[in-house]
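Take a look at the structure set out below.
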Amino acid sequence: MPTEGNQAQGTVEFTREAGALTVNATITGLTPGEHAIHVHENGDCSAPDAESGGAHFSPEGDPHGAPTAGHAMHHLGDLGNLVADDSGNAQLSTEDDELELSGENGVVGKAVIVHSSVDDFETQPDGNSGSRVACGVVDMTAEPLDRG
Ligand code: CU
Ligand code: ZN
């Protein structure tokens, strides 16, 4: 759901099949260009600016970084960047071999937040990725969502 003053919204689906966790994000209403997307530690989008979501999800206290940076070189919640087209639509499809659905590294009950700016993968602790334009809490569902 969009935060106050923003139009960004969409769906992020985490699916566990064999092997890695699959992440599929479809977001609309963005400004064209790159936007950071992270799993944040608190499943709380109640604040108008989504600051209630807290910091990036990082159960082991790793530094911020790129999702490809390797074990202990990025927050578990660092999912990278979405690229929005000229119409503001973005899709991301990736796999993550450290995140889980539930348990210590689990995404269920955490918040997924999309940002106004690109994640530079270097600036601590948040990649200098700007304000929070959309926020949603991850729920467990038995079946994949209908993306019809
Ligand atoms: Cu974030
Ligand atoms: Zn991070």
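FYI, the numbering just counts along the sequence from 1. For the numbers below, each heavy atom of this structure counts, side chains included, while hydrogens, waters and symmetry mates do not.
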Does a side-chain heavy-atom distance below 4.5 Å link [X] with [Y]?
X: Pro63; Y: His75; answer: no
X: Val138; Y: Val107; answer: yes
X: Pro2; Y: Gln7; answer: no

Which residue pairs pass the salt bridge (charged side-chain N to carboxylate O under 4.0 Å, His left out) test when at least one of the two sits in [range], sequence neighbours left out?
range: residues 105-126; result: none
range: residues 92-103; result: Arg16-Glu100
range: residues 44-58; result: Glu51-Arg132

Quick one: does [X]'s side chain have a donor or acceptor within less than 3.5 Å of a partner on [Y]'s backbone?
X: Thr3; Y: Val133; result: yes
X: Ser116; Y: Ser131; result: yes
X: Ser102; Y: Gly106; result: no
X: Asn42; Y: Ser52; result: yes
X: Asp78; Y: His64; result: no

Worksheet item: What is the minimum heavy-atom distance between Cys135 and Ala50, and which atoms define it?
Response: CB-CB, 3.8 Å
Worksheet item: For Pro59 and Asn105, which heavy atoms make the closest approach, and how far apart are they?
Response: CG-OD1, 3.4 Å
Fill in: Non-neighbouring partners of His35 that pass ring-ring contact (aromatic ring centres under 6.0 Å, His included), sequence neighbours left out
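So His35 forms no ring-ring contact (aromatic ring centres under 6.0 Å, His included) with any residue.
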Fill in: Residues in side-chain contact (heavy atoms from CB on, under 4.5 Å) contact with Val137, at least two apart in sequence or another chain
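Counting only residues at least two positions away or on another chain, Val137 forms a side-chain contact (heavy atoms from CB on, under 4.5 Å) with Cys45.
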I'd like to know if [Y] and [X] are part of one continuous hydrophobic network [Ile/Leu/Val/Met/Phe/Trp/Tyr, side-chain heavy atoms within less than 4.5 Å].
X: Ile37; Y: Met1; result: no
X: Met73; Y: Phe121; result: no
X: Leu92; Y: Val118; result: no
X: Val23; Y: Leu30; result: yes

Item to complete: Show your reasoning for whether side chain to side chain contact (heavy atoms under 4.5 Å, CB included) applies to Val108 and Asp139.
Response: CA-CA 6 Å; Val108 171; Asp139 281 335; over 6 Å; no
Practice prompt. Starting from the C-alpha separation in whole Å, work towards a yes-or-no answer on side chain to side chain contact (heavy atoms under 4.5 Å, CB included) for Ile27 and Val12.
Written response: CA-CA 8 Å; Ile27 310 292; Val12 182; 4.3 Å; yes
Worksheet item: How long is the gap from CZ on Phe57 to CD on Glu41, to the nearest 0.5 Å?
Response: 9.0 Å
Fill in: Interatomic distance, His71 atom NE2 to Leu76 atom CG [nearest 0.5 angstrom]
8.5 Å
What side-chain donor-acceptor pairs closer than 3.5 Å can you find for residues 82-90, not counting sequence neighbours?
unit_1	atom_1	unit_2	atom_2	d
Asp85	OD1	Ser87	N	2.8
Asp85	OD1	Gly88	N	3.0
Asp85	OD1	Asn89	N	3.0

Practice prompt. Go through the steps for Phe14 and Asn24 under the test side chain to side chain contact (heavy atoms under 4.5 Å, CB included), then give the verdict.
Written response: CA-CA 7 Å; Phe14 298 89; Asn24 280 296; over 6 Å; no
Worksheet item: How about His56 and His74: are their ring centroids closer than 6.0 Å?
Response: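 Between His56 and His74, the centre distance exceeds or equals 6.0 Å.
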Practice prompt. List the steps and the verdict of side chain to side chain contact (heavy atoms under 4.5 Å, CB included) for Leu79 and Val39.
Written response: CA-CA 7 Å; Leu79 297 179; Val39 179; 4.0 Å; yes
Discussion item. Atom CD of residue position Gln124 - does it have more than 12 heavy atoms of other residues, nucleotides or ligands inside 6.0 Å?
Written reply: yes
